[in-house]
Amino acid sequence: MAPTNQAAWIPAKKVLPFKVGDAPYTRPGAGQVVVKNSAVAINPFDWVLQYIGPALAGYINYPFIFGTDIAGEVVEVGPDVERFHVGDRVCGSAAAIAKEVNRPAEGAFQLYTVMRQNLLTPVPPNITDEQACVLGLGLGTAAYGLFHPDYLGLDMPKIPAPTKVVGKSGSPRAVIITGGASSVGSNAVQLAVAAGYQVLSTSSPRNFDYVKGLGATHVFDYKSKTLAKELLRALKGRELVGAYTIGDGSVKACTAVMKKHDPNLTRKFIAVAGAIIPAEKLTTFVGKGTYLMAMMGGMIKSTGTRMRTGVEAKFILVDGLVDPDSVVSHVYKDFLPQALEQGQFVPAPPPYVVGSGLDKIQDALHLQRKGVSGKKLVVTL
């Protein structure tokens, strides 16, 4: 007899609160497992989808189950699954929202989620489910922008991390990663360090120690009026392999750096993970239109900037995430299990538990809309 499942459904293509109700228990297919979720984390993307889902992901058929970040226990294993067994503690990235998946059974905001084995990693005993569930979307977005050949195309992370790695020029290799205390930034900093790069990052001063603790060599105030100059000073004698930007103003600062740093030691490429989205922009009809136009305008503007400055800024659009051979899959399969166990990689940012139960997911989304810094909102189940 199948377990009884429940989910926090998004009922229709409107701004509606999630509705907790019955959901089918779906058995795993080939290469899949079913995870009984004990903790799920909230991403800004979750509430953005709630407000403008039809515009961003028009292929979705409602009612639907959103959510990406999970941790829990494997309760059923499908054919061709070799990495996991019933009873294993795991965490990973649910794939419901991927265009090639597009099915509620693979959404995180429910008690039982169908997960793909290539987007899961074992959770070692020293890490709680609340800590483990924060990886998901932040990790995937970070890995995709850093390692996919369409973006920065950096070397993959290794265990242990390479030391004294130099580029073709013989100089140490460095990458700029702005927004180091954010969910995506926390993962990007650690992944880049594990791949052997020196990381120059930004955050608010209160998060300097946190970002340095993740492995950043230098951390600068993201609001500094002299940010570009400070970054240039720190880059002296280093080969800049590109930048990964999160947050307003960071593309401009990195472009300024790339124009002035030694051209023989500079790759003029910026992977753009996006800006912080003001909640009020998405709560009105006019605001939604303005936001979407700004997104498209940003992409068009980046092309103009490249022609003018020689610096290419490219928005990260995660595609082919579920491919077992994707860079994200390789991070989950070849790097994370050992890195988490050895403490070379830590789930970050730290969790802030909003409450327990599917009915708390909407509360957590409201909190997320107000803005969160240096932590990740989590709901236990």
Side-chain angles (χ1 to χ4, degrees), residues 5-26 37 40-70 93-116 119 136-138 140-141 183 273-299 315-322 354 357-372 377 379 381:
N5 192 21
Q6 279 203 312
W9 291 91
I10 182 82
K13 290 184 183 182
K14 297 175 185 175
V15 181
L16 292 169
F18 286 136
K19 190 173 179 181
V20 176
D22 292 339
Y25 175 90
T26 306
N37 299 324
V40 296
I42 309 298
N43 293 288
F45 193 52
D46 296 325
W47 68 260
V48 172
L49 279 171
Q50 187 174 16
Y51 275 85
I52 56 170
L56 285 181
Y59 53 84
I60 290 174
N61 295 315
Y62 294 83
F64 203 77
I65 302 169
F66 289 152
T68 307
D69 304 5
I70 68 108
S93 193
I97 200 69
K99 194 170 187 177
E100 61 269 48
V101 177
N102 187 22
R103 68 171 189 151
E106 297 191 47
F109 296 159
Q110 57 188 322
L111 300 182
Y112 294 90
T113 298
V114 175
M115 298 290 294
R116 292 165 188 251
L119 296 176
L137 187 63
T141 307
S183 176
I276 307 304
I277 305 154
E280 64 275 6
K281 283 273 171 71
L282 298 184
T283 54
T284 66
F285 177 76
V286 174
K288 290 175 199 174
T290 306
Y291 172 66
L292 288 168
M293 283 168 64
M295 275 183 70
M296 294 307 296
M299 292 180 193
F315 281 81
I316 299 166
L317 299 172
V318 179
D319 194 21
L321 175 70
V322 299
V354 176
L358 291 167
D359 58 325
K360 296 295 181 188
I361 287 174
Q362 188 65 62
D363 296 345
L365 286 172
H366 286 320
L367 274 179
Q368 179 69 62
R369 272 181 54 207
K370 293 174 185 174
V372 179
L377 300 183
V379 172
L381 298 175

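- Here the shortest heavy-atom pairing between T26 and A105 reads OG1-CB, 3.4 Å.
- Here the closest heavy-atom approach between residue P17 and residue Q362 is recorded as CA-OE1, 3.2 Å.
- Between G138 and N43, the shortest heavy-atom contact is N-OD1, 4.4 Å.
- Considering only residues two or more places apart in sequence or on other chains, T113 meets the side chain to side chain contact (heavy atoms under 4.5 Å, CB included) condition with N37, A94, Q110, M115.
- By the side chain to side chain contact (heavy atoms under 4.5 Å, CB included) test, N102 pairs with Y59, I60, N61, F64, sequence neighbours left out.
- With values rounded to the nearest 0.5 angstrom, K360 atom NZ is found 13.5 Å from L377 atom CG.
- For the pair I65 and A7, the tightest heavy-atom approach, listed with the atom from each and the gap, is CD1-CB, 3.5 Å.
- Residues P24 and W9 share a closest heavy-atom pair of CD-CZ2, 4.2 Å.
- Each of R116, K99, E106 was evaluated against V322; a single residue qualifies, R116, per the side chain to side chain contact (heavy atoms under 4.5 Å, CB included) test.
- Taken from CG in L358 to CZ in F109, the straight-line distance is 10.0 Å, to the nearest 0.5 Å.
- Each of I361, L365, D363, D359 was evaluated against V379; a single residue qualifies, I361, per the side chain to side chain contact (heavy atoms under 4.5 Å, CB included) test.
- L119 and A95 get closest at one heavy-atom pair: CD1-CB, 4.4 Å.
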